[in-house]
J.: 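Pasting in a structure now, in structure tokens, and then I'll have a few things to ask.
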Amino acid sequence: MNKKEFAARRQRLIEIMGPNSIAVLPNATVKNRNRDVDHSYRGDSNFHYLSGFDEPESVIVIVPGRPHGEYILFCRERDLAKEIWDGYRAGQEGAVKKYGADDSYPISDLDDILSGLLEGREQVYYTMGNIPAFDQRMIGWLNHLRNESRQGKHSPYEIIELDHCLNELRLYKSSAEIKAMRKAAEISVDAHIRAMQYTQVGKWEYQVEAEIVHEFMKNDCRSPAYPSIVGGGENGCILHYIENDHKLKNNDLLLIDAGAEYNYYAADITRTFPVNGKFRKCQKALYNIVLDAQKAAIAEVKPGNHWNQPHEAAVRVITQGLIDIGLLKGKLEQLIEKDAYREFYMHRTGHWLGMDVHDVGDYKVGGEWRMLEAGMVLTVEPGLYIRDPKHVDKEWHFIGIRIEDDVLVTKTGHEVLTDRAPKEVDEIEALMAAVEH
Ligand code: GLY
Ligand code: MN
Ligand code: MN
């Protein structure tokens, strides 16, 4: 992403904010792992969206119309001794030169400078509740201004949620964002293919996970976009299974839900395939129901359709499929009406995808499902999860299946960004049969 992209985003925000306002956005805090070891740092998505700046202890301030520059970046000062221990810092000079800030001050000066910037502004765009310690500081600056009102100082009278404004911007992906998402998708597809080629009876789930992470990192993705789910057999029935610590068994399916993060953009793919390379009859029957449901849902992704239409299409195919194989009894419309499928399909068919795997953006607008528009990206991920209900014949037990692709809404319909990951039964079996272990 180049500097122009970030500047254009800030400009769009400035247009929403209006003249007499100010936006304040602190970056994510560092999370401690134990003693003096921290978790690896990942900046706040909104912060990165506006700045491309990824150091902790930084704050973006945007002041529309400010004569000395509208974009101020507070960050750590250069400090050779600290940099020898903890790595590079851009410092104030880097913030201006490399990241396009109009002005930059040391983060240690925030208290001194911010209440002056807030003074005389009418609206503050700031999201309460994300970082409670920062909320307290914001309250302090605002109180300070109120207490100085007799000296003629004006404190802001409106606080507006900044995240909501940014979330709406982030929902529509620019061409640079789509390029990053395509790359995340391609790398993730390769990781799934590699996992299929590696998988064998007797391997451990985490060994398959290692193949996936290797493929991500080898291709410039330093981290998965979320903890990978690698669940064999009954573990595939646990929606958020991340232990990944069981041995893979003959005749089981393996469900892998894994996606790379490339330059802050996520992919999110699920594939389910047989550990020994060949689907059993019941597995194949259920798998094809999910696959048909997914195809029907993807067909509904186009401008002019609303958010819930893909889900409704998936529910219809899944319910009919469950009737056909005898797992549900009754009439299609009535079973849909009473959500009978939910015993076996208990999540929704997708979510927005972007910088966060479960990305931002409202799903309903004015109480109605949101219309799909070009530039939005969503996942389509129906599944079936049959643990061991007593009323279901044992041959169906412990089969968990999900098939998930990432879909871009285009002007004329959609594009499946993750299409290259095999999902037809024949394709998967041929790919796995071609491997010599
Ligand atoms: N990987 C999380 C999800 O599929 O929603
Ligand atoms: Mn997903
Ligand atoms: Mn997923």
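All figures in this text were calculated on a predicted structure; none of them were measured in a lab. All ligand and atom numbering here is 1-based and tracks the order in the structure.
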J.: Closer than 4.0 Å to some heavy atom of E404 - which atoms of ligand 1 meet that?
T.: 4 (O)
J.: CE of M196 to CD of E427: how many Å apart, nearest 0.5 Å?
T.: 8.5 Å
J.: With only distance considered, is T270 within less than 3.5 Å of ligand 1 through an N or O on each side?
T.: no
J.: Where is the tightest heavy-atom contact between K302 and L372, given as atom of each residue plus distance?
T.: O-CB, 3.7 Å
J.: Atom CZ of residue position R222 - does it have more than 12 heavy atoms of other residues, nucleotides or ligands inside 6.0 Å?
T.: no
J.: Does an N or O from R402, backbone or side chain, lie closer than 3.5 Å to an N or O of ligand 1?
T.: no
J.: Among H240, H347, H358, which one puts a heavy atom closest to atom 2 (C) of ligand 1?
T.: H358
J.: Give me the ring orientation class for H306 and W369: parallel if the planes are under 30° apart, tilted from 30 to 60°, perpendicular past 60°.
T.: parallel
J.: Pull up every protein N/O/S atom sitting under 2.8 Å from the Mn ion (ligand 3), skipping waters.
T.: D257 OD1, D257 OD2, D268 OD1, E404 OE1
J.: Might you confirm whether atom CD1 of I193 has over 12 heavy atoms from other residues, nucleotides or ligands at distances under 6.0 Å?
T.: yes
J.: Classify the ring geometry between H347 and Y345 as parallel (under 30°), tilted (30 to 60°) or perpendicular (over 60°).
T.: perpendicular
J.: Please confirm if an N, O or S atom belonging to H358, backbone or side chain, lies less than 2.8 Å from the Mn ion (ligand 2).
T.: no
J.: Other residues, nucleotides and ligands only: do more than 12 of their heavy atoms fall within 6.0 Å of NZ on K364?
T.: yes
J.: Using a 4.0 Å cutoff against the non-hydrogen atoms of Y226, which atoms of ligand 1 qualify?
T.: 1 (N)
J.: Without hydrogens or angle criteria, can the side chains of Y126 and D135 be said to hold a donor-acceptor pair below 3.5 Å?
T.: yes
J.: Checking side-chain contact (heavy atoms from CB on, under 4.5 Å) against I72, which of V59, D102, V63 comes through?
T.: V63
